[in-house]
Amino acid sequence: VRIDVAFTGGNLLPADLAGRVAVVVDVLRASTTIAKALAAGARTIIPCESAEEAIARAKAFERRDVLLAGERRMVAIPGFDLGNSPAEYQPEVVAGKTVLLTTTNGTKALLNSQGAREVLVGCYANYSAVLAVLRKLARAGSDVLIVCAGRERQFALEDAACAGRFVRGISRRGIRAELGDGARAATLLDRRYGSDIGKLLRDCEHGRALLELGMGADIEACAALNAYPVVPVYRDKQVVRRNSA
Ligand code: MLT
């Protein structure tokens with residue numbers, strides 16, 4: 001099987017995705033928030049392109065059944081129920097709810113990955129759970145594309161390093177994988193930074209911006225390996241928990 005990494009999720013073409021399993025990685029913070037929301041019992045998460053789209057789509061639901069969620073410039077959108085901090089997504093807030101989520105990069109990368117055979121959402125917080133599914137699919141012959149959300153169409157160190165961890169995890173023991181150059185480069189980043197994820201997330205540009213906004217707790221939540229062991233899958237325009245590995 002072949003494993004590739006796309007470092008900026010915004011410019012994928014249908015041909016990049018066709019027939020492959022995609023994993024959308026936005027460590028800070030959308031992938032982690034999605035994993036946390038589903039672990040806390042959210043029914044489904046619907047990625048929306050814009051705040052206006054989220055508001056319009058909420059009208060199809062009873063108000064008590066939906067939560068408007070997301071950020072712009074890392075800060076909660078005025079009038080929305082939730083921002084993009086994993087800690088906000090507690091069971092008493094999200095259990096049974098449909099979350100309409102719009103974020104700057106993560107939800108865009110998800111929307112752009114729709115043409116893949118299957119689209120998973122991965123990060124450090126659900127690493128082992130997602131890896132188990134990826135290994136099973138790779139063993140069955142699926143090629144894998146890891147889609148880093150990146151930051152404002154640019155490379156993001158934390159997403160690339162996490163992608164590298166997935167590449168290493170898929171390609172070890174018993175799976176013969178052909179690695180594209182992006183996948184090779186990502187594994188080098190995981191080797192360099194993967195032993196101290198907290199430091200990686202505090203040092204990268206996005207992490208420093210979150211720290212400046214007083215959101216250090218989010219960095220710790222996003223660095224917590226396997227804290228939310230769920231496998232989110234994006235199908236039929238919504239993200240739900242995948243049944244089993
Ligand atoms: C995004 O999707 O761009 C991120 O999750 C931004 C953030 O809220 O930190």
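Order of listing sets the numbers, starting from 1, for every ligand and every atom in it. Values reported hereafter were calculated over all heavy atoms of this structure, with side chains retained and with hydrogens, waters and symmetry mates removed.
- Of all atoms in ligand 1, listed by their number and element, those nearer than 4.0 Å to a heavy atom of G106 are 1 (C), 2 (O), 3 (O).
- A donor-acceptor pair is defined here as one N or O able to donate and one able to accept, closer than 3.5 Å; such a pair exists between the side chain of D196 and the backbone of K199.
- A donor-acceptor pair shorter than 3.5 Å cannot be found between the side chains of R20 and S142.
- Looking at E158 and E205, their side chains never come closer than 4.5 Å, going by heavy atoms from C-beta outward.
- Only the side chain of D26 comes within contact range of ligand 1, with a heavy atom under 4.0 Å; no backbone atom does.
- Y89 has its side chain within reach of V99: a pair of non-hydrogen atoms, C-beta onward, lies under 4.5 Å apart.
- At a heavy-atom distance under 4.0 Å, atoms from both the backbone and the side chain of T104 approach ligand 1.
- Only the side chain of E71 comes within 4.0 Å of ligand 1, judged by heavy-atom distances.
- Among H206, R151, K108, the residue whose heavy atom sits closest to atom 9 (O) of ligand 1 is H206.
- Salt-bridge check for E118 with R235: passed, with a basic side-chain N closer than 4.0 Å to an acidic carboxylate O.
- Where the criterion is an N or O separation shorter than 3.5 Å, residue side chain and backbone included, A30 meets it with respect to ligand 1.
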